[in-house]
J.: 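My questions all concern the structure below.
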Amino acid sequence: MSDTTTPNTVADATSVPVIVPPPLAASLQRAANANAAPETAPLLAVSQSDADSPKLFRQGQIQSCLVSTIVHLIALLIFAIVTYSASQVSPTMISLWGRQVEPTATVTLEVAKDHSELENQLSSDAEKPVDVTIAQSDASAIQSPLIMESQSAILESSELGQIKAGSTAASSAQLIRLPGGGLSGRTPQGRKELGEKYGATAQSEAAVEAALQWLALHQRPNGSWSFNLDVDPCNGRCRHSRISGDSPTPSTGATGLALLAFLGAGHTHHTGEHSETVRRGIYYLRGIASESEHGLDWQSGSMYSHGIVLMALGEALTMTRVDDKYDSDLMDLVRRGSYFTSVAQHYNGSWGYVPGSPGDTTLTGWQVMSLLAAKRNGIHFRGNELPMAKEFLMSVKEETDWTFGYKTPQGEPTMDAIALTLLLYLGHAPGHTLFDQAIDRIADRGPTLTNVYHDYYASLALHHTRHRDWDKFNSKLRDHLVRSQATQGHESGSWHFKDKWGDVGGRLYTTAMSAMILEIYYRYLPLYDKIEEFPL
């Protein structure tokens, strides 16, 4: 038979003849011969069969599935051979085969980085310089780097959106924190220079001297003072003695208040024309101090008295320091007295009429100022008294406004003046909008001219912040005190105004407080001052 009619046979492992058409058999034989290793036999053996082969095919009727299996096996062998050949190519060489098709949208494929690679990339990106655009700002609004104390209070959320034009925020941003209400201006030279700088006049200074003379004439033989002017040495020659009532008015409080007026003008038990008067007053306080398991107690019925006495003794200790050496007797009195104050504080941060009782803003004011006087001399106490006092003051503040109450958040002008002054001492700096607006309200209201308690603290607040309306406020109050001071008889040099606190303390209280108001210019150095006055 010819090649077109004679089939070829494929021998498998069992030598079972399989009929394969000649063209396919020839193709398979060539592929096998081309890829087979020399030492191995051909994978497929192809030979001519006789005329019986067609008969065998017809008789065997091989299942079509067997043929399909063999064809797929052959295809897998071919694919394996092609893959093996590609693996012999250098790993750096990649061949791509494609065919031209119609244009389609471009798709960019990106290989994801592993996690560690991403972290390294982020770290290096963070160190790369970037361009930053800085908005231009008014130089006057930039906080001075000279501020020595960080602002203890952060703007509350209630302040946001309540900024209004005309506040002192811009001007207060130009203030710098000074070493803090020092007493170095209490010298003849300091009185002259600071008085001229901040608004004293010859008439106001004369009024101070007349007030101190009146106080000296009303010191009792044992060195004390009394709010009761019916006792010696006055014996009722001055009107407006204290009004008897439930409020205690101990001699310790009266003595401490009178001493504060002398000290504010630079008179101590060592220097000044009133040095003997001051010495006798301090001697009286030393002798009357009550010993307690928690230090020295000058209450005599009221924590008001204890705070006022400790404040006076603390200032006297500062003013008599020489080359960092202190009067040892005074140091002992102040240290032990401040310990009593510390123990007497209520857990809410306030001080009451009796130790450990809940207190109010006015009583707390004297205790804070007395502890600050002790601290100025390097005396340490438990450490949390002043922060606790600040927390109490914030607890009596109106929630949405910087007004303060006596024991609760019910705003009242005198409490505002006390609390804002104390907060300045406790580190709350000007520059917070609502705080500045509260100081503005004190200036806008002006002095009461009768309530010297309010006017004393209001003067301190405006003086310490160097408020823009200081001259207006000061001149009105200063000139009123000069005009209203008594100039005749036994009352000459004193003051009294009809007032709820003035009536309780009487003429002695009003005179001592008024003298301290007129000493404001040099009594304490300002806590803050303008940048241009302290150039770099």
Side-chain angles (χ1 to χ4, degrees), residues 186 211-235 238 241-242 247-292 295-320 326-341 344 366-367 369-370 373-374 377 379 493-494 504-513 515-516:
R186 302 180 180 190
L212 297 181
Q213 186 64 29
W214 183 89
L215 288 170
L217 292 174
H218 284 75
Q219 186 178 31
R220 306 194 68 201
N222 63 359
S224 70
W225 280 266
S226 175
F227 292 113
N228 182 7
L229 300 180
D230 292 333
V231 298
D232 61 339
C234 187
N235 295 315
C238 291
S241 179
R242 71 172 179 86
S247 298
T249 53
S251 61
T252 51
T255 302
L257 203 59
L259 286 176
L260 284 172
F262 285 103
L263 294 165
H267 301 277
T268 71
H269 54 298
H270 290 171
T271 60
E273 63 179 284
H274 295 290
S275 59
E276 180 60 20
T277 300
V278 175
R279 186 194 66 78
R280 291 174 58 219
I282 293 176
Y283 186 84
Y284 168 78
L285 293 175
R286 184 178 65 178
I288 202 174
S290 297
E291 291 280 356
S292 78
L296 295 180
D297 171 11
W298 285 285
Q299 288 181 85
S300 296
S302 172
M303 278 297 294
Y304 269 115
S305 297
H306 180 82
I308 293 171
V309 168
L310 182 61
M311 182 178 172
L313 295 179
E315 291 192 357
L317 180 60
T318 301
M319 294 174 66
T320 54
Y326 292 89
D327 182 312
S328 58
D329 289 340
L330 264 182
M331 175 63 82
D332 182 64
L333 293 176
V334 175
R335 181 185 291 113
R336 295 168 69 194
S338 61
Y339 182 62
F340 185 89
T341 302
W366 289 109
Q367 314 310 318
M369 294 299 289
S370 69
N377 294 292
I379 293 175
S494 66
V504 172
R507 186 172 291 273
L508 185 131
Y509 154 82
T510 306
T511 300
M513 294 293 289
M516 288 192 285

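Keep in mind that this is a model prediction, so the values were computed, not measured.
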J.: Without swapping roles, check the side chain of Ser251 against the backbone of Trp225 for a donor-acceptor pair under 3.5 Å.
T.: no
J.: Are Asp232 and Arg220 packed together at the side-chain level, in the sense that at least one heavy-atom pair is separated by less than 4.5 angstrom?
T.: yes
J.: Quick check: closest heavy atoms across Ser338 and Leu310, and the distance to 0.1 Å?
T.: CA-CD2, 3.6 Å
J.: Would you check if there is a donor-acceptor pair between the side chains of Thr268 and Thr271 at a distance under 3.5 Å?
T.: yes
J.: Does Arg280 use its side chain to pair, donor to acceptor, with the backbone of Pro221 at less than 3.5 Å?
T.: yes
J.: Measure the shortest side-chain to side-chain distance between Leu285 and Leu259 over non-hydrogen atoms and say whether it is less than 4.5 angstrom.
T.: yes
J.: For the residue pair Met331 and Ile379, establish whether any side-chain heavy-atom pair is separated by less than 4.5 Å.
T.: yes
J.: Tell me whether His269 contacts the main-chain N or O of Gly281 through its side chain, where contact means a donor paired with an acceptor under 3.5 Å.
T.: no
J.: For the residue pair His267 and Phe262, does the interplanar ring angle fall in the parallel (under 30°), tilted (30 to 60°) or perpendicular (over 60°) class?
T.: perpendicular
J.: How about His218 and Cys238: do any of their side-chain heavy atoms sit closer than 4.5 Å?
T.: yes
J.: Give the minimum heavy-atom separation between Leu257 and Met513, together with the two atoms involved.
T.: CD1-SD, 4.1 Å
J.: What's the shortest heavy-atom distance between Gly493 and Thr511, and which atoms?
T.: O-CG2, 3.9 Å
J.: Let me confirm one number: the CG-OH distance from Asp329 to Tyr283, rounded to the nearest 0.5 Å.
T.: 11.0 Å
J.: Counting C-beta onward and ignoring hydrogens, is there a side-chain heavy-atom pair between Trp366 and Ile308 closer than 4.5 Å?
T.: yes
J.: I want to check something: taking the side chain as every heavy atom from C-beta on, are Phe340 and Gln299 in contact at a cut-off of under 4.5 Å?
T.: yes
J.: Any side-chain heavy atom of Leu313 sitting closer than 4.5 Å to one from Ile282?
T.: yes
J.: Considering non-hydrogen atoms only, spot the tightest contact between Ala373 and Thr318 and give its length.
T.: O-OG1, 4.3 Å
J.: Taking C-beta and beyond as the side chain, do Glu291 and Leu296 meet within less than 4.5 Å on heavy atoms?
T.: yes
J.: For Leu263 and Met319, work out which heavy atoms get closest and say how close.
T.: O-CE, 3.3 Å
J.: Regarding Ser224 and Asn222, do their side chains bring together a donor and an acceptor under 3.5 Å, going by distance alone?
T.: yes
J.: Which heavy atom of Trp298 sits nearest to which heavy atom of Ile288, and what is that distance?
T.: CD1-CG2, 4.0 Å
